[in-house]
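A short worksheet on the structure shown next.
Computed from a prediction, not measured in an experiment: that's the story for all the values here.
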Amino acid sequence: MATEIQNLTPVESVVEEWLRRYFNEEPGGDFGISLERLRRKLREQTSKIGVFIDNLETALDKNGKFLEYRRPYVELLRVLADSDVHSVTLVTSRERLRESSLEVYLYPLEGLDDEAWREFFSSCHINCDCTILSEMCSAYGGNAKAMQILRGAILTDFSGDIHSYWQENSTDLLIERELKDLVASQFTRLQQIDLEAYRLLCRLGCYRYQDIPSLPIEGVLCLLWDVPAQKRRGVIKALQDLSLIEAKKGQYWLHPVIRDEAISRLRLISEEWELVNRKAAECWTQRVVSITNINDALTALEAYYHYVEISDFEKAGDVILQGRGKKWGTGLPLGSSFYQLGLLQKNFSVIQRIIDDIKSPEILIRLYNILGYTYRIIGCIREAIECYEKSGKVLGTLDAKQTEISILFNTGLCKLELWEIEAAEDCFNSVCILAEQNSNLDDYMTYAQCCLAMIKSRFGSREDAFNLAEVAFSSISTSTRVTLWGIGHSLVTLCLTYKNLGNLKKSFELCQRAIFHSEENNFTQIKAKAISCLAELFREQGEFARAIFHHSEAIEILDKIGAKSDLAEAYYQLALTHKKMGEIDQNRESFVQAMSATGYAYALFNEMQAPRQVEKVQIAMECFEK
């Protein structure tokens, strides 16, 4: 079939040609008579005849029916579909044939696999790098035409060097003109026959299809705001029938090549570009009611990318700061969910991208606080303190006691990580003074009391430590403002406190509770800290095998999420366990292991620029050497 409508050959001429060329039969003066002669000839054949009709879509309208002035093709296909004729007819079409009088079987063409691509390129004497070829095959969905076009470009422009070709062109899948024209022609035809489907296809280009590789049906429907509700699913179905949108089990996505063309066309209309991104962002925001796992968090974050695309940085900041549901107490911000779930680097990439463009003081302060907390977890304590200082400067004259006390408390945690005990204690005492003046800040009172109890259990009055720990433990259960994240951290801190006080039974109880609490809420970092604490408790009881097992478990988790400060402490505690084993068993190997673990702790604390922590480790190393 011709690729342009105006060049379509009338079916009457096609049948005449067939009769004369293949059957030495003269056509009748009437089309109906010619068709009957063709039917008779096909029935008389002793061997089967194959009929191949290529690119039928040119003759079809947007509903899959033949164009009005090419309706006689229906009659030809009815003859070819006759069960008595000795022929098989194969039709190719980018669009589905939907004529009710014809029974057709659909055979969707799948893309070729890696092995087929490798065989094809090898036959053309192109040395195939397995990894690169797999990437290319995946990027183009195994499309055979793309394979053929790429083969020519690699041979002609890169002398068969597939590695150099992909290194230069992997970011632009439509770099080859033939391929771009092929894809563009599909868009142009869709624009001519079904404008609503065309608009939807272009709008779907706004989605990233990366962290969340596919969309629920709501993500597609929200882009059809200007189409009557009863027609929307029909528009989606039209794209499915044309294989321009991928669909499986209620999830939808665009092939990367189709997405590239869609987004380039969408960007040309600035008003449409902004509106589409806002609609998509709103859909993602409404999609996630509460965050219970990594997928929830990444889904909620998708709205951020849409706002960044249209330079609405305040709304992008709102996405990071929005709390969802009551799963974690009062509904902590999305940014907090990232460090709870161990996705620490995600906070850096999204916050640092927008923070210099934020004008709202309230948003800026809260972003600095989340950024500071994340820096502290990965062991960049100086950078964390700097974030809190910036947050304090922006705070200025704003009446925000909640923010002020949060800055104080988190600065105290930073000082504690640096082992600057006096400075940390001053911060926590200031938190308690502020909290006493406002009953709405009782959650921070609890957090600060836990930290003070732990400090005093090691460096101060054991009696004061015990009293503070008892009060804080009671508050964890009674305060409505203590978050689930806060409960987890407080349990671990109290566990260490009771260990220092010699109450191992209470410490074991709190440790197990902290681990269960962390698993229930997917708090990766807290779980690792609790496991490390559990290892310390087994060491105190002389159960070294169990202690070593839990030390290793905690180290593996902390190393994986990049929690440098906690990782350094975990190595330090592992060293203490090996040292104690060596003292009891007089085993030189245990002292060697202790020195090795101490070396890791020393290096990590040194990277953190925590001189007092380094000094603590050095003292331990000197003891081991003796």
Distance-only donor-acceptor pairs under 3.5 Å for side chains of residues 167-174, two or more places apart:
residue, atom, partner, partner atom, Å
N169, ND2, Y165, O, 3.2
S170, OG, W166, O, 3.2
D172, OD1, L174, N, 3.2

In this structure, are over 12 heavy atoms from other groups packed under 6.0 Å from K315 atom NZ? no
Look at atom CD of E110 and say whether more than 12 heavy atoms of other residues, nucleotides or ligands are closer to it than 6.0 Å. no
Pairs flagged by ring pair (Phe, Tyr, Trp, His ring centres under 6.0 Å) wherever residues 54-88 is involved - sequence neighbours left out: F66-Y73
Could you walk me through whether K62 and E95 pass salt bridge (Lys or Arg N to Asp or Glu O under 4.0 Å), step by step? CA-CA 8 Å; K62 71 174 187 177; E95 298 164 27; over 6 Å; no
Heavy-atom count check: over 12 atoms from other residues, nucleotides or ligands less than 6.0 Å from E556 CD? no
Mind checking what makes side chain to side chain contact (heavy atoms under 4.5 Å, CB included) contact with R366, not counting sequence neighbours? L321, P333
Salt bridge (Lys or Arg N to Asp or Glu O under 4.0 Å), that's the test. Do E36 and R40 meet it? Break it down for me. CA-CA 6 Å; E36 283 306 312; R40 188 180 66 252; over 6 Å; no
Near K145 NZ, under 6.0 Å, is it more than 12 heavy atoms from other residues, nucleotides or ligands? no
With salt bridge (Lys or Arg N to Asp or Glu O under 4.0 Å) as the criterion, how do E99 and R71 come out once you've worked through the C-alpha distance, each side chain's angles and the decisive distance to 0.1 Å? CA-CA 10 Å; E99 288 285 353; R71 295 294 300 166; 2.5 Å; yes
Classify the ring geometry of W117 against F121: parallel below 30°, tilted from 30° to 60°, perpendicular beyond 60°. tilted
Under the salt bridge (Lys or Arg N to Asp or Glu O under 4.0 Å) criterion, do D82 and R78 qualify, and how do the steps go? CA-CA 6 Å; D82 188 329; R78 286 179 65 188; over 6 Å; no
Output for pair (R118 CZ, S134 OG), nearest 0.5 Å, gives 5.0 Å
Check step by step if side chain to side chain donor-acceptor pair (under 3.5 Å) holds for R265 and Y198. CA-CA 10 Å; R265 292 183 178 229; Y198 170 77; 3.1 Å; yes
Out of the candidates E272, E309, E261, only one should pair with R267 under the salt bridge (charged side-chain N to carboxylate O under 4.0 Å, His left out) rule; please name it. E309
Residues 51-58 side chain polar contacts: donor-acceptor under 3.5 Å, at least two apart:
residue, atom, partner, partner atom, Å
D54, OD1, T92, OG1, 2.3
E57, OE1, R94, N, 3.1
E57, OE2, R94, NH1, 3.4
T58, OG1, A2, O, 2.7

Quick one: are R232 and L223 in side-chain contact, heavy atoms under 4.5 Å? no
Partners of Y339 by ring pair (Phe, Tyr, Trp, His ring centres under 6.0 Å), sequence neighbours excluded? Y373, W485
State whether W225 and R203 meet the cation-pi test: NZ (Lys) or CZ (Arg) under 6.0 Å from the six-membered ring centroid, and within 45° of the perpendicular axis. yes
Taking atom CG of L76 and atom CG of L38, what is their separation to the nearest 0.5 Å? 7.0 Å
Side chain to side chain donor-acceptor pair (under 3.5 Å) contacts in which one or both residues fall within residues 245-260, not counting sequence neighbours: S214-Q251
Can you give me the closest heavy-atom contact between Y209 and L204, atom names plus distance? OH-O, 2.8 Å
Are I217 and R233 close enough, and set up right, to give a side chain to side chain contact (heavy atoms under 4.5 Å, CB included), and what steps lead you there? CA-CA 9 Å; I217 186 67; R233 290 184 181 264; 3.7 Å; yes
Other residues, nucleotides and ligands only: do more than 12 of their heavy atoms fall within 6.0 Å of CD on E44? yes
Would you say that more than 12 heavy atoms from the other residues, nucleotides or ligands in this model lie under 6.0 Å from the CG of L268, or not? yes
Does a sphere of radius 6.0 Å around CD in E178 hold more than 12 heavy atoms from other residues, nucleotides or ligands, not counting ones at 6.0 Å or beyond? no
When you look at CD of E218, are more than 12 heavy atoms from neighbouring residues, nucleotides or ligands closer to it than 6.0 Å? yes
